[in-house]
Amino acid sequence: MTKTLKKTLPIILSLLGVALFTFIAAKAGIHPVMEALGKVGVGGFFLLVLVQIVIDIGLGIAWKSSVPQIGFLRLTAARLVRDAAGACLPFSQLGGMVLGVRATLAGRSAQAVDGEDLHWPEGVAANLVDITTEVLGQIAFILVAILCLVGHQGAARFIWPLMGGMVLLSLGIAGFIWTQHRGGSMVRKAAMFFGRHIAADWRESLIGNTEIFQARLESLWSRPDRIMMGALSHFVCWVGGAAATWIALTLLGAHVGFLSALAIEGVVCGIMSAGFLVPAALGVQEAAYVALGLIFGIDSQISLSLSLLRRGRDILIGIPVLLGWQLVEMSRLRKQSAPVPPREKTVTSVLKKTKTSVMSGSVKKDVSANRDTEDKDDAAFATAPRVL
């Protein structure tokens, strides 16, 4: 029953998201939405893409702040893969996290800054710490957004549910941090969870090294200053996302202030976090933007256009990232499955033949020695006196 639910739940949520998206698009109207998108133009769209790339670099800096042992470029690339998987593939955010772990270890020589090889314990520990610092920054960002939302007509229906959600999220992240510090068996369960979603050899490596995994987590959490710097950097990146929303709304013709855009982006992020099981937040993102836009006097067509711009931006960045990651993985697998050169085969066969001849010679010597011993024993037995 549980396995069936795991398989069918993403499909059901995806269908519900498609239905919700279709309903919102039909109600807003396709022609007004296309007119709003036409105001942005190609130049405005690529401006939004450039702003998002800057934010992605900031996310790499935030990860590097809390996990200095791994290189900046590797962390930034892994973060891009993690976000691209959640935005472009039919996965929930959990699926993107698993791919993010694999991307952290991608490449022919996955090594830390000090030259130490990176394995699954290091990859999972680094991603868990980054996810934790990101949620900490997100909680602070949503609280600021709620403050910006206070005083607007109709905002109460969002404020109180979000406040309750923030309390639950804060308790959840506190328990998650405690688990990473002193979880013990819970850490092993987390390793088992990630192990069920990866290949067999990687699964054995991860599950068989839970002690190393726990040691890596404790090493990362031993520097609270780095953790706080990572959370602060993530908060700045969330504010940068609000700036991107403000620019997009300005290009669409909606005249709102930056604090209003921050309130919209913060509440939308909170709603999307609550619906994290929906693949790509399909329908959830559109409904959140439309509902928040109405509070600030933004037409539903512009709010839907804002959501479509965000999806287009994520797809334009995410597809090349996923293709590049696949090329890196294919190159690594091709190197692992490359045939042995003929010279190495000849040397190997000669060594095998030499080893076989040596072993056979030693076996012959042992057999002849045993036969001589047996002959001597027979002669001694024949000449020995018979005693009754």
Side-chain angles (χ1 to χ4, degrees), residues 52-135 190-191 193-207 209 212-213 216-217 220 230 233-234 237 276 279-281 313-337:
Q52 183 58 41
I53 291 175
V54 174
I55 294 173
D56 290 332
I57 295 174
L59 292 173
I61 295 174
W63 197 349
K64 178 68 175 177
S65 300
S66 55
V67 186
Q69 294 85 351
I70 303 178
F72 167 72
L73 294 179
R74 176 175 293 277
L75 293 177
T76 304
R79 178 58 198 244
L80 286 170
V81 171
R82 197 169 81 194
D83 291 342
C88 303
L89 298 179
F91 298 150
S92 65
Q93 294 183 20
L94 294 177
M97 293 174 188
V98 174
L99 290 186
V101 174
R102 184 68 196 102
T104 309
L105 308 174
R108 298 183 179 180
S109 57
Q111 293 181 340
V113 176
D114 57 359
E116 183 182 358
D117 291 337
L118 297 175
H119 300 288
W120 280 104
E122 291 82 8
V124 176
N127 277 266
L128 288 179
V129 169
D130 183 57
I131 292 168
T132 305
T133 55
E134 181 179 13
V135 173
F193 168 77
F194 279 102
R196 287 195 296 269
H197 295 80
I198 56 180
D201 53 345
W202 302 334
R203 183 188 309 123
E204 294 175 359
S205 174
L206 175 61
I207 298 175
N209 293 284
I212 300 177
F213 174 46
R216 295 293 184 269
L217 279 176
L220 293 174
S233 302
H234 274 294
C237 291
F276 70 96
R313 176 202 68 192
D314 293 341
I315 290 174
L316 184 63
I317 296 175
I319 295 299
V321 168
L322 291 176
L323 290 176
W325 174 56
Q326 286 300 300
L327 290 176
V328 172
E329 288 292 322
M330 290 172 61
S331 176
R332 183 185 62 83
L333 293 174
R334 192 180 297 114
K335 183 180 179 181
Q336 289 181 351
S337 60

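Considering all non-hydrogen atoms of both residues, Phe72 and Gly60 come closest at CE1-C, 3.6 Å. Smallest separation of non-hydrogen atoms from Gly123 and Val101: C-CG1, 4.0 Å. The heavy-atom pair separating Ser65 from Ser233 by the smallest distance is OG-OG, 3.9 Å. Contact between Val113 and Pro68 at its shortest, heavy atoms only, is CG2-O, 3.7 Å. In terms of heavy-atom proximity, Leu217 sits nearest to Val129 at CD2-CG2, 4.2 Å. The heavy-atom pair separating Arg74 from Ala103 by the smallest distance is NH1-O, 4.4 Å.
Checked against side chain to side chain contact (heavy atoms under 4.5 Å, CB included), Leu316 has the following partners two or more places apart in sequence or in another chain: Phe45, Phe46, Val49. With sequence neighbours left out, Thr132 forms a side-chain hydrogen bond (donor to acceptor under 3.5 Å, both in side chains) with Gln180. Listed by chain and residue number, nothing satisfies the side-chain hydrogen bond (donor to acceptor under 3.5 Å, both in side chains) test with Asp314 (two or more places apart in sequence, or in another chain). Taking Thr133 as the reference, nothing meets the side-chain hydrogen bond (donor to acceptor under 3.5 Å, both in side chains) condition, with sequence neighbours excluded. In terms of the side chain to side chain contact (heavy atoms under 4.5 Å, CB included) criterion, residue partners of Gln69 (sequence neighbours excluded) are, by chain and number, Val67, Ser219, Leu220, Arg226. Taking the side chain to side chain contact (heavy atoms under 4.5 Å, CB included) definition, one finds that Leu75 meets it with Trp63, Lys64, Ile70, sequence neighbours left out.
Applying the salt bridge (Lys or Arg N to Asp or Glu O under 4.0 Å) test to every pair with at least one member in residues 120-132, sequence neighbours left out, gives these pairs: Arg79-Asp130, Arg82-Asp130, Glu122-Arg216.
The only member of Leu59, Val54, Ile57 that meets side-chain contact (heavy atoms from CB on, under 4.5 Å) when paired with Cys237 is Leu59.
For the atom pair CD1 (Ile53) and CD1 (Ile317), the distance works out to 5.0 Å, reported to the nearest 0.5 Å.
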Run Arg102 and Trp120 through side chain to side chain contact (heavy atoms under 4.5 Å, CB included) and show every step you take. CA-CA 8 Å; Arg102 184 68 196 102; Trp120 280 104; 3.7 Å; yes

